[in-house]
Amino acid sequence: MNYSPSIIEAKWQKFWAEHKSFEPSEDFTQPKKYILSMFPFPSGRLHMGHVRNYTLSDTFARYYRQQGFNVLHPIGFDSFGMPAENAAIKNGSHPKTWTYDNIDYMKKEFASLGFSFSKERELATSDELYTKFEQGFIIDMYERGLLYRKEGMLNWCPHDLTVLANEQVVDGCCWRCDTPIVKKEMNQYYFKITHYADELLEDLKKLEGGWPKQVLTMQENWIGKSNGLAFDLLLDEASQATLGGQFDRFDVFTTRPDTIYGVSYTALAPEHPIVSYMIENALLSATVIEQIKAMKNSSSIDRQKEKSGVALGLNVIHPLTHKTVPVWVANFVLMDYGSGAVMAVPAHDDRDFDFAQKYDLPIHAVIKPLEGELDLSKAYTDAGIMVNSQAFDGLNSKAAQAKVIEHFESLKIGQKTTNYKLKDWGVSRQRYWGAPLPFVHCEECGLVMEKKANLPIALPHDIEITGEGNPLEKHPTWKHCKCPKCGKDAVRETDTMDTFVESSWYFLRFCASPENWESQAFSAEQIQYWMGVDHYIGGIEHAILHLLYARFFTKVFRDLGYIEFDEPFEKLLTQGMVLKDGAKMSKSKGNTVDPDAIIEKYGADTARLFILFAAPPTQELEWNDSAVEGAFRFLRRFSERSQNVNTTHVIPIIDHASLTKEEKHARKKVYEALKRAQEVFVERYTFNTLIAGVMEAMNALNEQSNSEIWSEGYWILTSIMEPIIPHLCWELSTTLFGRANLTQHCVLDEVFEVDTLVLGVSVNGKNRATIDVAVGASEDAMIALATAAVEKWLEDKTIVKTIIVPAKLVNIVIKG
RNA sequence: GCGGAUGUGGUGAAAUGGUAGACACGCCAGACUUAGGAUCUGGUGCCGCAAGGUGUGGAGGUUCAAGUCCUCUCAUCCGCACCA
């Protein structure tokens, strides 16, 4: 058979579409698999990263269908977001039109790759129906206090004119456009993700084994739990007087209570309320105020370059020694962690040390190393023996931490405290193309949530996108409404939501059956059956943002009573990037490969085969045009050699004993490939080795000419390969076997039985020869053969011992 | 600085402590062909005519046996990073 991918691929894609071949069953008594890859943003065209992502999930989905599972393999589009608006500014297109045109095109690309997605559950997160359910959840969360509004200093991207979550600030710049962010004070909506900080951290343990370690570590670091001591520092009387009696103390947090006697100054963040008060009331000189303002306004990158600060002329009382300690303002103290104030122990903290050096502040050593002398040219941050610490002298500093905390607690001047780096998730965006926050501002009632019956609060179509400000804010009528509570004139919230909100629950929405798609977001029964996601596949770039938010939503939905589990994704597979010429494919580098062009030239099966063959999924994949050719040539051979196969509807029964050596070898290779398939799909995911095994089997089949063995081989190999190269395999399987072979197969042990074994013979662990031994040969006989084979290396030596590894090798240990 | 990953032929890679380099790409030689950027056959880690030697970033160690386990170290990549 001539291999014509364009013909057979179109044929089977049409067949699958017409027969709705990949819709999951509503029979919830069947065993299920939920296979999901992270859905794409509809940017217009698929790139090779997408092809890799969806080829992986499709391969799992098709495998499990063959194994008799009810498989949910859905797809959607994460279709809100800034690029649609950017395109509107650039081309004058409407964000909606642009988005849905792109979706249409990308759906065609999906189909041309033969992905076995459920069509009936396809969604775009910008669909009004999706917005409706999402806004409902937002209202639930607001009622629970999990969504709130507060004034705060925010990351503002001056290019995109929107706020960004901390997670969306990369190296001080906007994660999308790389513009350095600035701080801006704004009223914003927040999700109370910190309420779940501890559970999000603790439940990472449940994911061990199913998630890559790297991702677990990244999440752990991001949540950033640390235990320590929080206590108040009392301002001395003079300082209280300076502050007009407005402040008498401030709160600090330390993870090193064992260094408490080493405190030689304290430092406040430039944004600290005491500092603000002093600026507002002109309690500082104009120069100092300028310095502090400069600290505040400097970008987070500049702030990290060099430590700077200034003394405030205030003093606090050390809680244990009662000595006076000066108060400084310092740029390295962060307002949004802990209380925005620190006790400084320069002898035992690198930052405090640098600062003390610069401003010539005293350095009191209170920990000495277990061995050797204390080096005062730098901070000693390790554990050691406490000194100059009154009653604590001589204690191991590590062990004494709890004792110091107890001491503070017994004096009622401090307490054990846990802090997290994780901050609440700011979700408002001053953009048009997003889901509106379902709130109304009423002069009488204040902030009022919409009635669920009024949802969705949909976006107006007639807007003008200029790139400046929020188009919803500028729309003539949209924001004017009646207060849902009192009915008087009111104003709609014009902020829309961060698009990470949509991707935080889309995997739940996919569980909804098409028949109640319109009426409810999902049902408990459907969720219970389909969740959790058995295999979740996507890029490592979502290790923190998306995966943390999705975990958070899952816990919230559980607490709202919608679902009954804690974690959404059982197994996470993070695929490596697709590279060309050693670099990530990108338009700016001009090293992209267009999937459509590859499909047109070689077909989807070639693209899929190459992508899975060139590297294991988690590793980077280097694009190689000639290796793609190689994949194509394999498919052609696979297709053409099918002429050796007899048509049959059952697997041939073969009398193994009567076969020639080549025939036996061919069968062995085929069944080895089958064994490997079971291992690869279930445990290892190293599809490259599976494909190699199938190639070996093909090579072995080609060494013999028994048509029964060809038939058995193709019966099994087309089944193993169907998840990878579905079009060709459906074609071959249909023509040859009436598709009866696309199912589970048993490994026949008889094909692995052999008469003779090839053993390696090594001398002192170095391989020297190979021998053929009969199965069942005695150890003595094997040793005799082995020693004879390596005689040359044994001359004038004494054999100390011999080690026989069954079916593998004989190692002769010699001396002299 | 902290955390993680990776390091094996000319290239992508394989090897679940037991014959390193499977399977491919590329390259070389041959066959077929009007032709070959098609197809088929054979070869291909390195040094060497060969016998043989040598070889998984480097140095040690454990073991009868190490790419694999342990210690140290170098390089590259990724993530986090003034979090008190």
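A note on names: the letters A, B, ... follow the listed sequences, proteins ahead of strands, and every chain is numbered from 1.
Residue A/R684 places its side chain closer to B/rA15 than to any other of B/rG26, B/rA15, B/rC64. Checking B/rA84, B/rG3, B/rC23 against the side-chain heavy atoms of A/F613 singles out B/rC23 as nearest. The side chain of A/A627 sits closest to B/rC25 out of B/rG53, B/rC25, B/rA84. Looking at the side chain of A/R768, the nearest of the listed nucleotides B/rG53, B/rG12, B/rC25 is B/rG53. For A/R633, the side-chain atoms get nearest to B/rU39 when compared with the rest of B/rA84, B/rC64, B/rU39. Considering only the side chain of A/W222, B/rA81 comes nearest among B/rA81, B/rA13, B/rU16.
At a threshold of 4.0 angstrom between heavy atoms, the contacts of A/K801 are confined to the sugar-phosphate backbone, with no base atom among them. In this structure, A/G630 reaches the sugar-phosphate backbone alone: every heavy-atom distance under 4.0 Å involves primed, P, OP1 or OP2 atoms, never a base. A/V345 comes within 4.0 angstrom of no nucleic acid atom, judged by non-hydrogen atoms across all strands. Counting any heavy atom pair closer than 4.0 Å across all strands shown, A/T802 reaches no nucleic acid atom. Using a 4.0 Å heavy-atom cutoff across all strands shown, A/S626 reaches sugar-phosphate atoms only and no base atom. As judged by a 4.0 angstrom heavy-atom cut-off over every strand, A/V805 is placed among the base-contacting residues. Looking at heavy-atom distances under 4.0 Å, A/W623 makes no contact with the nucleic acid at all. Contacts of A/Y420 with the nucleic acid, taken as non-hydrogen atoms under 4.0 Å apart, are absent. Among the heavy atoms of the strands, none lies under 4.0 Å from A/D352.
Under the Watson-Crick or G-U wobble criterion, with both distances below 3.5 Å, B/rG7 is paired with B/rC74. Base pairing annotation: B/rG79 forms a Watson-Crick or G-U wobble pair with B/rC2, both donor-acceptor distances under 3.5 Å. Base pairing annotation: B/rG17 forms no Watson-Crick or G-U wobble pair, as no partner gives both donor-acceptor distances under 3.5 Å. Nucleotide B/rU39: paired with B/rA31 (Watson-Crick or G-U wobble, both distances less than 3.5 Å). For B/rG26, the paired nucleotide is B/rU44, the pair qualifying as Watson-Crick or G-U wobble because both relevant distances are below 3.5 Å. When both pairing distances are held under 3.5 Å, B/rC69 makes a Watson-Crick or G-U pair with B/rG61.
Residues A/E679 and A/G693 both approach RNA chain B. Their nearest nucleotides, taken by heavy-atom distance, put A/E679 toward the 5′ side. Residue whose closest nucleotide on RNA chain B sits further toward the 5' end, between A/K808 and A/I803: A/K808.
In this structure, CD of A/Q619 is placed 10 Å from P of B/rG12, rounded to the nearest angstrom. Nucleotide B/rA15 holds its C1' atom 12 Å from the CG atom of A/N688, rounded to whole Å. Here the P atom of nucleotide B/rG7 and the CD atom of A/E620 are 12 Å apart, to the nearest Å. In this structure, CG of A/D625 is placed 13 Å from C1' of B/rG12, rounded to the nearest angstrom. If you measure from atom CG of A/L422 to atom C1' of B/rC80, you get 15 Å, rounded to the nearest angstrom. One interatomic measurement links the two molecules: CD of A/E220 to C1' of B/rA81, which rounds to 16 Å at whole-angstrom precision. Here B/rC78 presents its C1' atom at 16 Å from NE2 of A/H542, a figure rounded to the nearest Å. If you measure from atom CG of A/L548 to atom C1' of B/rG79, you get 15 Å, rounded to the nearest angstrom.
Regarding the sugar-base torsion, B/rG9 falls in the syn class, its angle being within 90° of 0.
Geometric assessment of A/K307 against the ring of A/F332 yields a positive cation-pi assignment under the 6.0 Å and 45° thresholds.
The nearest pair of heavy atoms linking A/K584 to A/N591 is O-ND2, 3.3 Å.
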